[in-house]
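Structure, as structure tokens:
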Amino acid sequence: MNRTALRTRIRALTNINSTALLSDSQINEVLNEVHLEICGSFQWPFAVDSTSVSVVAGDATYTLPADTKDVLLVSRSGNVYEPRQLQAISVFDADVLPDTTSNWPRYYTVEGLTLTLFPTPAANETLTVRYLANVEALDSDGDVPPFDEEFHPVYAYATAARLLAERGAPASKVGAMNNFASQYLERMRRSYLTSTDHAPVSLGRRRWRW
């Protein structure tokens, strides 16, 4: 469903069809809040991207892509050298790292969009950075959620719950919308993520509450 279809579904769920009582822009604003919260609630595969960093001897700092949210892995692979995975450290750890004569960096820090390698590379190589990307906002009516359509209703139920709560709707109706949203989010989690944790998602206890 695109934003137009989601907005129509939200109006049906809230039973507020008058744009005087609930404007399209108000729905769009809350819908986008829900969109960003859901996409940020897990490390979804559809939000993972990668980039290659061409390391130059003597240069320890490199700029990551503008959409980088969190760096998940920095590694080297290929036929010339043995594979190697760098270890993430804090900027404070970097001050106390032991001296090493290795030509190859073993650690890295990330501050904003700056990737810093330790020790400073003494040879050229190519590293692969896998990262969690910031999702784009739903800015136009043709925009769709970045996951399978079968899970799109999670946006409608979660947005409806928030709009109803803001307007003082009965707790039972708000709770029903939240429960439907939780069920869709749980199905989505099970579909996209491999985990031994099969506990149901609770909207009231984690950061993706509406």
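Note that the structure is predicted; figures quoted are calculated from it, not measured.
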Practice prompt. List in chain and number order the residues that pass side chain to side chain donor-acceptor pair (under 3.5 Å) with Asn2, two or more places apart in sequence or in another chain; answer none if no residue qualifies.
Written response: none

Practice prompt. Please answer whether the main-chain N or O of Val110 pairs with a side-chain N or O of Thr114 as donor and acceptor at a distance below 3.5 Å.
Written response: no

Worksheet item: Counting distance only, does the side-chain N/O of Arg3 pair as donor-acceptor with the main-chain N or O of Leu138 below 3.5 Å?
Response: yes

Item to complete: Tell me whether Phe118 is reachable from Val71 by hopping between hydrophobic residues (I, L, V, M, F, W, Y) whose side-chain heavy atoms are closer than 4.5 Å.
Response: no

Worksheet, complete the sentence: Heavy-atom closest pair (Asn134 atom, Thr68 atom, distance to 0.1 Å) is ND2-O, 3.5 Å

Discussion item. For a 4.5 angstrom cut-off between non-hydrogen side-chain atoms, does Pro146 reach His35?
Written reply: yes

Worksheet entry | side chain to side chain donor-acceptor pair (under 3.5 Å) against Ser25, all qualifying residues, sequence neighbours excluded | Ser23

Worksheet item: Would you say Val53 and Tyr108 are hydrophobically clustered, going by side-chain heavy atoms of ILVMFWY under 4.5 Å?
Response: yes

Worksheet item: For Leu132, which fellow cluster members are found when Ile, Leu, Val, Met, Phe, Trp and Tyr are connected by side-chain heavy-atom distances below 4.5 angstrom, either directly or through intermediates?
Response: Val48, Leu72

Worksheet item: Is there any salt bridge (Lys or Arg N to Asp or Glu O under 4.0 Å) pair reaching into residues 20-34, and which pairs are they, with sequence neighbours excluded?
Response: Arg7-Asp24, Arg11-Asp24, Glu33-Arg162

Worksheet item: Got a sec, which residues hit side-chain contact (heavy atoms from CB on, under 4.5 Å) with Ala176, two or more places apart in sequence or on another chain?
Response: none

Worksheet entry | Listed partners of Phe180 passing side-chain contact (heavy atoms from CB on, under 4.5 Å), at least two apart | Tyr157, Gln183

Item to complete: Would you please test Arg167 and Leu22 for side-chain contact (heavy atoms from CB on, under 4.5 Å) and show each step?
Response: CA-CA 10 Å; Arg167 284 155 178 77; Leu22 180 62; 3.1 Å; yes

Worksheet item: Where the side chain of Asn124 meets the backbone of Ala57, is there a donor-acceptor pair that is under 3.5 Å apart?
Response: yes

Practice prompt. Without swapping roles, check the side chain of Thr14 against the backbone of Ile10 for a donor-acceptor pair under 3.5 Å.
Written response: yes

Worksheet item: Do any N or O atoms from the side chain of Asp59 and from the backbone of Thr61 form a donor-acceptor pair under 3.5 angstrom?
Response: yes

Discussion item. So, taking the atom named CD1 in Ile89 and the one named CZ in Arg106, what distance separates them when rounded to the nearest 0.5 Å?
Written reply: 13.5 Å

Worksheet item: Can you tell if the side chain of Gln85 reaches within under 4.5 Å of the side chain of Leu73, non-hydrogen atoms only?
Response: yes

Worksheet item: Can you name the nearest heavy-atom pair linking Thr128 to Ser50, along with the distance?
Response: CG2-CB, 4.4 Å

Fill in: Min side-chain heavy-atom separation Val154-Ile38 under 4.5 Å
yes

Worksheet item: Less than 4.5 Å apart, any side-chain heavy atom of Glu166 and any of Leu163?
Response: yes

Fill in: Neighbour count above 12 (heavy atom, 6.0 Å) for Gln26 CD
yes

Worksheet item: Asp143: what forms a side chain to side chain donor-acceptor pair (under 3.5 Å) with it, not counting sequence neighbours?
Response: Ser140

Worksheet item: In chain order, what residues pass the side-chain contact (heavy atoms from CB on, under 4.5 Å) check against Pro170, with sequence neighbours excluded?
Response: Ser172

Fill in: side-chain contact (heavy atoms from CB on, under 4.5 Å) involving Arg187 - partner list, sequence neighbours excluded
Glu150, Phe151, Tyr184

Worksheet item: Met177 and Ala161: which non-hydrogen atoms are nearest, and at how many Å?
Response: CB-CB, 3.6 Å

Practice prompt. Would you indicate whether the side-chain heavy atoms of Pro105 and Leu86 approach each other to under 4.5 Å?
Written response: yes

Practice prompt. Show your reasoning for whether side-chain contact (heavy atoms from CB on, under 4.5 Å) applies to Glu149 and Met1.
Written response: CA-CA 6 Å; Glu149 187 169 6; Met1 289 186 284; 4.1 Å; yes

Worksheet item: If we only count heavy atoms from C-beta on, is the Arg84 to Leu127 side-chain gap below 4.5 Å?
Response: yes

Item to complete: Evaluate side-chain contact (heavy atoms from CB on, under 4.5 Å) for Leu193 paired with Phe42, printing each intermediate quantity in order.
Response: CA-CA 9 Å; Leu193 304 176; Phe42 292 102; 3.7 Å; yes

Discussion item. Does Thr126 form a side-chain contact (heavy atoms from CB on, under 4.5 Å) with Val55? I'd like the steps, not just the answer.
Written reply: CA-CA 6 Å; Thr126 299; Val55 175; over 6 Å; no

Worksheet item: Considering only heavy atoms from C-beta outward, does the side chain of Asn28 approach that of Asp139 to under 4.5 Å?
Response: no

Discussion item. If you compare all heavy atoms of Tyr192 against all heavy atoms of Asp148, which two are closest, and at what distance to 0.1 Å?
Written reply: OH-N, 2.9 Å

Discussion item. Applying ring-ring contact (aromatic ring centres under 6.0 Å, His included) as the test, list every pair that has at least one member in residues 123-147; sequence neighbours left out.
Written reply: Phe46-Phe147, Phe147-His152, Phe147-Tyr155

Worksheet item: For the atom pair CD1 (Ile27) and CG (Asn32), what is the distance rounded to the nearest 0.5 Å?
Response: 13.5 Å

Worksheet entry | Main-chain N/O of Ala156 paired to Thr159 side chain as donor or acceptor, under 3.5 Å | no

Discussion item. Test of understanding: clusters of I, L, V, M, F, W, Y form through side-chain heavy atoms closer than 4.5 Å, transitively. Do Val56 and Val129 belong to the same one?
Written reply: yes

